[in-house]
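Report on the structure given below.
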There are 2 protein chains.
Amino acid sequence: MGKLVTEMLKGTLEGIVLAILSGRSAYGYEITAWLRDQGFSDIAEGTIYALLVRVEQRGLVDVEKVPSEKGPPRKVYSLNAQGREYLEEFWTTWSFLAGRLEQLREGGK
Amino acid sequence: MGKLVTEMLKGTLEGIVLAILSGRSAYGYEITAWLRDQGFSDIAEGTIYALLVRVEQRGLVDVEKVPSEKGPPRKVYSLNAQGREYLEEFWTTWSFLAGRLEQLREGGK
DNA sequence: TACCAGTACCTAGCAACACGAAGTAGCTGA
DNA sequence: TCAGCTACTTCGTGTTGCTAGGTACTGGTA
């Protein structure tokens with residue numbers, strides 16, 4: 001979409017990915033494809049992989065290497081307890097921000 | 001509030017400030033105080049000033065120097081036509097993002 | 001066999017942005 | 001005089017997403 005989305009994704013993309021993982025386990029390539037399908041048309045592959053490495057290092061997800069019939073083995077990520085806790089925090093923060101924004105939008109009309 | 005908000009503000013703070021300016025003209029110190037009042041308790045002053053310089057350079061706001069009785073002259077910013085256009089784009093992008101997030105939140109339960 | 005497309009992951013360098021910390025400057029009241 | 005509020009500025013840092021490469025495995029096709 002453009003620069004605006006890119007900047008807005010900073011700080012939210014992590015939550016988005018964790019939210020996806022809260023529903024089901026998934027691997028990088030899959031997540032990227034899904035996001036592109038959902039309208040984040042120009043999400044960069046590298047971005048997702050780097051993000052996954054980050055959340056893994058922070059201990060928010062568990063990883064399992066699963067062989068694929070169509071290429072190299074997949075690194076399947078799943079949200080663990082710590083990750084769920086973090087995701088809760090994320091939603092709280094998001095709600096706060098979204099609330100302020102909504103208020104501003106109303107007031108601005 | 002913490003690191004989460006800080007990261008989320010990247011990309012949205014600009015829109016927030018422009019939205020404020022769409023309602024009324026304001027100067028940096030005033031905007032900072034207002035934001036802190038609204039719950040953005042630890043917004044850094046420097047952040048707002050830098051942001052205002054940025055949007056001015058992009059031609060989204062007009063500036064007027066107004067003397068103050070209580071200190072140095074104020075730089076009063078007001079949203080111009082280009083700024084309003086940009087703000088519209090911001091709201092569009094925000095809506096898109098908020099929509100996706102809301103959907104993820106529903107699905108994740 | 002050689003090559004390409006699709007799958008799947010990784011990395012290095014860059015730009016944008018918010019923050020922390022410090023500084024400048026003007027005014028008022030104790 | 002000096003502390004405290006008002007008001008703006010600047011520099012260095014950390015985090016983050018993007019660009020642009022690269023590696024590696026598979027299957028189909030010329």
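As the structure is a computational prediction, the values presented were derived from the model and not from experiment.
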Is there a side-chain contact between [X] and the phosphate of [N], meaning an N or O under 4.0 Å from OP1 or OP2?
X: B:K75; N: D:dT9; result: yes
X: A:S68; N: C:dT7; result: no
X: A:R54; N: D:dT16; result: yes
X: B:Y29; N: D:dT6; result: yes

Would you mind reading off the distance between [X] atom [atom1] and [N] atom [atom2], rounded to a whole angstrom?
X: B:L9; N: D:dT16; atom1: CG; atom2: P; result: 14 Å
X: A:L97; N: C:dA18; atom1: CG; atom2: P; result: 12 Å
X: B:I48; N: D:dT6; atom1: CD1; atom2: P; result: 17 Å
X: B:E7; N: C:dA16; atom1: CD; atom2: C1'; result: 11 Å
X: A:Y27; N: C:dT7; atom1: OH; atom2: C1'; result: 8 Å
X: B:R74; N: C:dG26; atom1: CZ; atom2: C1'; result: 12 Å
X: A:D42; N: D:dC18; atom1: CG; atom2: P; result: 7 Å
X: B:L52; N: C:dC17; atom1: CG; atom2: P; result: 13 Å

Does B:F40 have its ring centroid less than 6.0 Å away from the ring centroid of A:F96?
yes

Under a 4.5 Å cut-off applied to non-hydrogen side-chain atoms, are A:L9 and A:T47 in contact?
no

B:E14 bridged to B:R58 by N-O distance under 4.0 Å
yes

Taking A:E89 first and then B:K3, would you say they form a salt bridge - that is, a charged N and a carboxylate O separated by under 4.0 Å?
no

Could a donor-acceptor pair under 3.5 angstrom be found where the side chain of A:K10 meets the base of C:dA16?
yes

I need the B:L21 CG to B:N80 CG distance, nearest 0.5 Å.
10.5 Å

Report the nucleotide, chosen from D:dT15, C:dA18, C:dC9, that has the shortest atom-to-atom distance to any side-chain atom of B:T6.
C:dA18

Minimum-distance nucleotide (side-chain atoms of B:P72 versus D:dA7, C:dT7, C:dA18):
D:dA7

Geometric cation-pi criterion B:R100 and A:W34, 6.0 Å radius, 45° cone:
no

Check nucleotides 11-13 of chain C for protein N or O atoms closer than 3.5 Å to its own N or O atoms and list the pairs.
none

For DNA chain D, whose closest nucleotide is more 5', that of A:G11 or that of A:G71?
A:G11

Please lay out, stage by stage, how B:Q38 and A:Q103 fare under the test side chain to side chain contact (heavy atoms under 4.5 Å, CB included).
CA-CA 11 Å; B:Q38 293 296 305; A:Q103 222 173 305; 4.1 Å; yes

